[in-house]
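Proteins come first, then strands; the chains are lettered A, B, ... in the order of their sequence lines, and each starts at number 1. The figures that follow rest on heavy atoms only: side chains count, while hydrogens, waters and symmetry mates do not.
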Amino acid sequence: MNDRRIIQPRTLKGFRDFLPDAMQSREWLIDTARAVFRSHGYVPIDTPALEYTEILLGKGGAETDKQLYRFEDNGGRDVALRFDLTVPLARFVAQHFGELGVPFKRYHVGPVWRGENTQRGRYREFLQCDFDTIGTESLAADTEAALVIHDIFAALDIGEFTIHLNNRLVLAGLLSELELAEHTADVLRSIDKLPKIGRDAVAGELRELVGASPAQADRLLAALTVTGTNEEVLARVAELAGGAADAGVAALTEVVAGLAAAGVAPSRARVDLSIARGLDYYTGTVFETFLAEIPEIGSVCSGGRYDDLASIYTKQRLPGVGASLGVDRLLAALEEIGKLDTSDAGPSILMTMFDGSRSADYVGVAASLRRGGLSVELYPEARKLGSQLKYADRKGHRLAVIIGGDEWSAGTAQVKDMVSGDSQTVELGTLEETCHRLLGTTPR
RNA sequence: GUGGCCGUAGCUCAGCUCGGUUAGAGCGCCUGGUUGUGGUCCAGGAGGUCGCGGGUUCAAAUCCCGUCGGCCACCCCA
């Protein structure tokens with residue numbers, strides 16, 4: 001009778017369930033970002049999770065190839081799950097270019113999949129939250145991208161943060177001045193490790209990997225680690241690159257000036273020449289964002305400018321600039337530094353049920369309160385009042401409305417303040433007004 | 001993908017080194033004390049395939065192998 005085989009409930013490595021608390025944090029984060037995107041004129045899009053493999057493999061090297069969830073569908077098509085939102089955006093823009101017009105500014109929030117090894121804050125299914133401006137080379141778009149990042153982190157109110165800005169043209173200028181240009185990719189990857197393994201180790205790696213002389217490595221690292229105000233750093237690097245980095249310096253100068261004009265504190269937007277970003281499609285501005293309280297978790301929002309988003313899907317040249325908010329990494333960081341507000345913002349009123357045979361009446365009162373702009377949860381059964389109040393307490397409701405036999409016959413309702421424990425009895429006709437007054441909200 | 005650590009109640013963990021009676025604790029949950037009032041207190045209770053599978057043994061949470069999952073480093077990146 002009871003020997004029915006139970007399938008063990010489990011989830012795949014790197015895939016997770018989200019319980020209500022975790023999900024509320026995710027929604028808070030995404031809602032905040034979404035509001036900022038909209039305020040700057042970005043519009044939402046979505047694309048399929050599954051694409052033809054040739055679409056996804058068009059760009060990207062052997063690394064993405066390995067990480068791809070790829071299989072043959074029931075119709076014999078070679079398909080794969082998207083591993084980021086940028087490649088689908090490229091396909092999307094190439095395919096719908098005629099209907100979109102430029103500049104095209106979109107944001108996209110959705111899961112992506114990578115079959116790589118897991119770690120804290122790194123999963124096989126994770127959420128990306130991207131925004132990009134396509135079809136303009138104006139640096140105003142770069143400035144805006146940085147400003148969007150700034151506005152999101154300011155709105156989240158999770159402590160201080162710094163957006164590190166650099167420009168690939170500066171790095172390219174330095175590398176050509178130092179005659180290391182042909183090893184750009186390797187050098188950049190090495191530079192990215194600077195904060196992690198330190199200056200000496202990077203110098204060593206440069207010598208081994210690309211055969212840089214100690215003098216070359218020294219000069220490069222000296223330029224990259226220049227400190228000072230944004231203006232000082234820019235002036236110094238222009239000097240060190242001997243004019244080869246002028247275009248990049250000018251671009252960075254303009255972006256920094258724009259951010260200052262927008263009221264961004266200098267401490268929140270810093271020129272940092274050691275920010276390289278391994279991704280090779282960036283060609284101009286690059287940014288990474290670090291939280292002051294937990295910089296070691298890495299960048300929680302990164303991006304940059306690229307010359308041509310979709311060259312493999314269309315002959316239309318599509319320059320752009322954008323960034324990606326690392327939702328899962330950011331949430332992991334906030335959890336660690338105790339900045340996650342787990343108090344839920346659910347309904348503020350619990351309508352208790354006293355007499356199951358009158359459930360329609362309770363539904364009616366709750367509905368009328370909601371029509372007045374209140375958030376009301378109706379307890380679904382006439383359980384012991386103590387249990388219902390306990391439930392209200394656990395769910396974080398601020399008020400409990402109690403209507404029992406006495407109240408029904410008197411045409412009244414009891415309103416209990418869950419924080420103070422005080423309760424008062426009011427006419428049913430003034431219940432809505434009383435709730436609004438106690439909650440400090442205004443009637444609709 | 002390579003290497004290391006780990007996996008016991010819903011959660012945090014003890015027990016494992018040197019196999020041996022009904023596997024424990026705190027918190028949480030449920031019930032009662034308070035027949036219509038939560039958060040405190042008191043009493044009681046439910047809840048465990050010791051991740052899963054196999055092996056050694058008279059006997060395995062404990063030893064061995066495999067596997068799944070988590071964490072960490074490398075790699076790469078969000």
On a whole-Å scale, what distance lies between the [atom1] atoms belonging to [N] and [M]?
N      : M      : atom1 : result
B/rA23 : B/rG66 : C1'   : 26 Å
B/rU40 : B/rG33 : C1'   : 14 Å
B/rU62 : B/rG7  : P     : 11 Å

Checklist entry - What pairs of residues pass the salt bridge (charged side-chain N to carboxylate O under 4.0 Å, His left out) test when at least one of them lies in residues 422-434 of chain A, not counting sequence neighbours? => result none
Item to check | Check against side chain to side chain contact (heavy atoms under 4.5 Å, CB included), A/Leu165 and A/Leu252 | outcome: CA-CA 8 Å; A/Leu165 299 155; A/Leu252 268 179; 4.1 Å; yes
Checklist entry - So, for A/His164 and A/Phe290, is the gap between ring centers shorter than 6.0 Å? => result yes
Next on the checklist: Does A/Ile402 reach a base, just sugar-phosphate, or nothing at all? Heavy atoms under 4.0 Å.
Outcome noted: base
Checklist entry - Looking for any heavy atom pair under 4.0 Å, which part of the strands does A/Lys416 touch: base, sugar-phosphate only, or nothing? => result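 Base: the residue A/Lys416, judged by heavy atoms under 4.0 Å, touches a nucleobase.
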Checklist entry - For the pair made of CZ in A/Arg114 and P in B/rG1, what is the distance, rounded to whole Å? => result 17 Å
Give me the distances for all protein-to-nucleotides 27-30 of chain B N/O pairs that come in under 3.5 Å?
| from | atom 1 | to | atom 2 | distance (Å) |
| --- | --- | --- | --- | --- |
| B/rC30 | OP2 | A/Lys390 | NZ | 3.3 |

Next on the checklist: Just by distance, no angles: are the side chains of A/Arg124 and A/Thr118 close enough, under 3.5 Å, to form a donor-acceptor pair?
Outcome noted: no
Item to check | Secondary-structure notation, RNA chain B, from Watson-Crick and G-U pairs under 3.5 angstrom (| other strand) | outcome: (((((((..((((......[...)))).(((((.......))))).....(((((..]....))))))))))))....
Item to check | Under 4.0 angstrom between A/Lys384 side-chain N/O and B/rG36 OP1 or OP2 | outcome: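 No, A/Lys384 has no side-chain N/O under 4.0 Å of OP1/OP2 on B/rG36.
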